[in-house]
Amino acid sequence: MLSAESPHPRIGIQMLSVQPDTKPKGCAGCNRKIKDRYLLKALDKYWHEDCLKCACCDCRLGEVGSTLYTKANLILCRRDYLRLFGVTGNCAACSKLIPAFEMVMRAKDNVYHLDCFACQLCNQRFCVGDKFFLKNNMILCQTDYEEGLMKEGYVAQVR
């Protein structure tokens, strides 16, 4: 079965409603009290929505998703984390470089661009959940795989 994969660990961000009867929490970013209607909780700390930002691009992490990445004492968005720390490789189908921030498909030890992950005989693209076969390091759809087996005489005769 297929699944698109993002191989890097991430940390969740929660948006919480501030209760009017609770003592204001201190922001981990600016050290001021959070008096806003909402606050963010990440890394076991509380943040103003404006204070939880990517260290590289300054995007507000609460707006770009519900996750952040952290490494080397940096808080980062997914794109910058992968740009700085992601592992790149080459696509097994086209041999071109796969940027670290790009989603990939894997089949055993092979890694593919999403657009390159298709039957290498009929070019049928696969979707998440589709069945595929890896034979002699080639990705094949079920039809082409079974036709190849028939030609090679591997399929038992039906009686």
Side-chain angles (χ1 to χ4, degrees), residues 1-16 28-29 38-159:
M1 290 287 196
L2 297 183
S3 65
E5 98 175 22
S6 177
H8 302 282
R10 53 187 175 224
I11 297 166
I13 301 172
Q14 294 177 294
M15 179 174 276
L16 304 171
Y38 296 99
L39 59 83
L40 298 175
K41 183 178 181 186
L43 302 167
D44 292 325
K45 298 176 184 174
Y46 297 97
W47 309 77
H48 288 106
E49 290 179 84
D50 288 336
C51 292
L52 188 57
K53 295 185 206 177
C54 174
C56 288
C57 70
D58 264 353
C59 70
R60 290 172 43 163
L61 294 170
E63 288 180 356
V64 296
S66 60
T67 57
L68 63 84
Y69 296 76
T70 183
K71 188 166 184 172
N73 291 325
L74 296 171
I75 295 173
L76 303 164
C77 66
R78 179 180 186 276
R79 186 173 186 89
D80 284 327
Y81 173 81
L82 292 174
R83 186 176 55 80
L84 294 170
F85 302 108
V87 177
T88 61
N90 291 340
C91 176
C94 72
S95 299
K96 293 181 183 170
L97 185 69
I98 300 174
F101 55 82
E102 195 171 296
M103 295 293 280
V104 298
M105 298 301 280
R106 289 187 186 273
K108 293 202 176 188
D109 294 332
N110 298 332
V111 182
Y112 302 85
H113 293 107
L114 291 180
D115 289 340
C116 293
F117 198 78
C119 176
Q120 292 176 306
L121 293 180
C122 70
N123 294 320
Q124 172 190 328
R125 298 233 357 240
F126 298 104
C127 297
V128 171
D130 285 351
K131 188 184 279 191
F132 72 94
F133 297 84
L134 192 62
K135 181 159 173 54
N136 298 330
N137 231 19
M138 284 180 59
I139 303 169
L140 301 172
C141 66
Q142 186 165 359
T143 302
D144 287 329
Y145 176 75
E146 289 173 355
E147 284 179 12
L149 290 180
M150 295 288 275
K151 288 176 186 172
E152 295 172 12
Y154 290 140
V155 176
Q157 296 293 326
V158 178
R159 295 179 192 215

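Position 1 is the first residue of the sequence, and the numbers go up from there. Predicted model only: the values in this text are computed from it and were never measured.
- Under the side-chain contact (heavy atoms from CB on, under 4.5 Å) criterion, Leu84 pairs with Cys56, Leu76, sequence neighbours left out.
- For Arg106 against Phe132, the heavy-atom pair with the smallest separation is O-CZ, 4.4 Å.
- Taking every heavy atom of both residues into account, Ile13 and Ala42 meet most closely at CG1-CB, 4.2 Å.
- Scored by the side-chain contact (heavy atoms from CB on, under 4.5 Å) test, Leu97 finds Thr88, Asn90 as partners (sequence neighbours excluded).
- Residues Cys141 and Phe126 are in side-chain contact: their nearest non-hydrogen atoms beyond the backbone lie under 4.5 Å apart.
- Partners of Asp80 according to the salt bridge (Lys or Arg N to Asp or Glu O under 4.0 Å) rule, which considers only residues two or more places apart in sequence or in another chain, are Arg83.
- For the pairing with Cys91, the side chain to side chain contact (heavy atoms under 4.5 Å, CB included) check across Leu114, Ile98, Val111 returns one residue only, Ile98.
- Contact between Leu40 and His48 at its shortest, heavy atoms only, is CD1-O, 4.4 Å.
- Under the side-chain hydrogen bond (donor to acceptor under 3.5 Å, both in side chains) criterion, Glu147 pairs with no residue, sequence neighbours left out.
- Among residues two or more places apart in sequence or in another chain, the side-chain contact (heavy atoms from CB on, under 4.5 Å) test is passed with Lys96 by Cys94, His113.
- For the pair Ile75/Leu43, a side-chain contact is recorded, criterion being any heavy-atom separation below 4.5 Å from C-beta on.
- Under the ring-ring contact (aromatic ring centres under 6.0 Å, His included) criterion, Tyr112 pairs with Phe117, not counting sequence neighbours.
- Within the structure, side chain to side chain donor-acceptor pair (under 3.5 Å) pairs that include any residue of residues 117-126 comprise Asp115-Arg125 (at least two apart or interchain).
- We find the NZ-CG distance between Lys53 and Leu68 to be 15.0 Å, quoted to the nearest 0.5 Å.
- The heavy-atom pair separating Leu140 from Cys119 by the smallest distance is CA-SG, 3.9 Å.
- Each salt bridge (Lys or Arg N to Asp or Glu O under 4.0 Å) pair with one or both residues in residues 64-75, not counting sequence neighbours, would appear here, but there are none.
- In this structure Ala28 satisfies the side-chain contact (heavy atoms from CB on, under 4.5 Å) test together with Lys45, Trp47, sequence neighbours excluded.
- For Asp44, the CG atom is loosely surrounded, since the number of other residues' heavy atoms within 6.0 Å does not exceed 12.
- Within 6.0 Å of CZ on Arg60 lie more than 12 heavy atoms contributed by other residues, nucleotides or ligands.
- Listed by chain and residue number, Tyr145 satisfy the ring-ring contact (aromatic ring centres under 6.0 Å, His included) test with Phe133 (two or more places apart in sequence, or in another chain).
- Rounding to the nearest 0.5 angstrom, the gap separating the CD1 atom in Ile139 from the CG atom in Leu121 is 11.0 Å.
- The distance from the SG atom of Cys59 to the CZ atom of Arg79 is 11.0 Å, given to the nearest 0.5 Å.
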